[in-house]
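Have a look at the structure below before the remarks.
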Amino acid sequence: MKRTKGLLRLRIGIVVLALLSGYFIVDATLPQTEAKVREAKSEQVQSQANLKPPKKDKLVALTFDDGPDAKYTVKILDILKKYNAKATFFVVGYQSEKYPGVLSRIVKEGHMLGNHTWSHKDLTKLSGQQINNEIVKLNKVIQNATGEAPKYVRTPYGAVSKKVTEAIEQNGQHNVLWNVDTRDWAGATPEDMLKNVKANLKPGGIILMHSFGGKKGDLSNTIELLPKMIEELQEEGYSFVTVDELKSKSS
């Protein structure tokens, strides 16, 4: 009997000892496990901190002056459609009056219209009333053709004065110029124009081209340049947007 009780106590003691031992073993591993979790989290945070921030969008605005017409403007629109590139057309009054259907197509295909004045005169040499007439008359033609008046004006020759700026702003519009001139109006070769663009263009740039006029009325170099320029700039990561989108994303 005594022997049986003694064996029972021994077994109980072994069980208790095993339980206590297991507790301490488990307890001893907890700090190590928690340390590993913290270390893993720390590495994750550090990894996230070391990620390079995404590059800012490389946006560029193609702009075409002096149109529309039924020859070069429509060819430009066809090229832009092929490359899914958007542009802004600063049109003049006497051409817009002739080709309202082209104005409508420009807007329907996701491009933007701007006011390049009615008769392409140097506004700095006109009176305040004459400046206003040059702008308002064309606004009405564009609105009649598309249902919307243009938000932006481009003064002919880039000529600006305080009087001109005030007249534009009184109509709730803003003057937009350019920072890369292809010189297509002077008959520059496609090769020279492309070199010029690639040497001077930066993200947020506005490129000046033409969709009517040019040297002796010839803009065939512009048509030849456009697909190659779009392809090369797209390969460099540029996206072609309207002036309005360019300004909204840079503000």
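Note that the coordinates shown come from a computational prediction; the quantities given were computed from them, not determined experimentally. Residues: numbered from 1 along the sequence shown.
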Using modelled atom types and a 3.5 Å cut-off, is there a donor and acceptor pairing between side-chain atoms of Thr222 and backbone atoms of Asp184?
no

Start with the C-alpha distance between Asn200 and Asn179, add both sets of side-chain angles, then the distance that settles side-chain hydrogen bond (donor to acceptor under 3.5 Å, both in side chains), and finish with yes or no.
CA-CA 8 Å; Asn200 295 291; Asn179 44 39; over 6 Å; no

Please report the C-alpha distance between Asn139 and Asn115 in whole Å, then the side-chain angles of each, then the deciding distance to 0.1 Å, and finally whether the side-chain hydrogen bond (donor to acceptor under 3.5 Å, both in side chains) criterion is met.
CA-CA 7 Å; Asn139 281 346; Asn115 185 321; 2.9 Å; yes

Is there a continuous path of hydrophobic side-chain contacts, each under 4.5 Å between heavy atoms, that joins Phe64 to Val107?
yes

Among Gln173, Met112, Lys247, side-chain contact (heavy atoms from CB on, under 4.5 Å) partner for Lys151
Met112

Quick one: list whatever passes side-chain contact (heavy atoms from CB on, under 4.5 Å) with Ala188, sequence neighbours left out.
Arg183, Met193

For the residue pair Leu208 and Thr182, establish whether any side-chain heavy-atom pair is separated by less than 4.5 Å.
no

So do Lys121 and Pro156 actually touch side chain to side chain, heavy atoms under 4.5 Å?
no

Taking atom NZ of Lys163 as the centre, report whether more than 12 heavy atoms of other residues, nucleotides or ligands fall under 6.0 Å from it.
yes

Which atoms form the tightest heavy-atom contact between Leu62 and Met229, and what is the distance?
CD2-CE, 3.4 Å

Indicate yes or no: does Lys195 engage Glu191 in a salt bridge with an N to O separation below 4.0 Å.
no

Can Asp192 and Asn196 be counted as having a side-chain donor-acceptor contact under 3.5 angstrom?
no

Distance-minimising heavy-atom pair for Gly204 and Leu246:
O-CD2, 3.6 Å

So, Tyr72 versus Asp66: side-chain donor-acceptor pair below 3.5 Å or not?
no

Side-chain heavy atoms nearer than 4.5 Å, only ILVMFWY residues, links allowed to pass through others: does that put Phe212 and Val141 together?
no

Pair up each side-chain donor or acceptor in residues 80-93 with any protein partner under 3.5 Å, not counting sequence neighbours, and list the distances.
residue: Tyr83; atom: OH; partner: Glu231; partner atom: OE2; Å: 2.4
residue: Lys86; atom: NZ; partner: Glu109; partner atom: O; Å: 2.9
residue: Thr88; atom: OG1; partner: Val243; partner atom: N; Å: 2.9

Chi angles and distances behind the side-chain hydrogen bond (donor to acceptor under 3.5 Å, both in side chains) call for Glu245, Ser248
CA-CA 5 Å; Glu245 185 176 352; Ser248 67; over 6 Å; no

Are Val241 and Val176 linked, directly or through other ILVMFWY residues, by side chains that come within less than 4.5 angstrom of each other?
yes

Beyond-backbone contact of Pro68 with Ser211, side-chain heavy atoms, under 4.5 angstrom
no

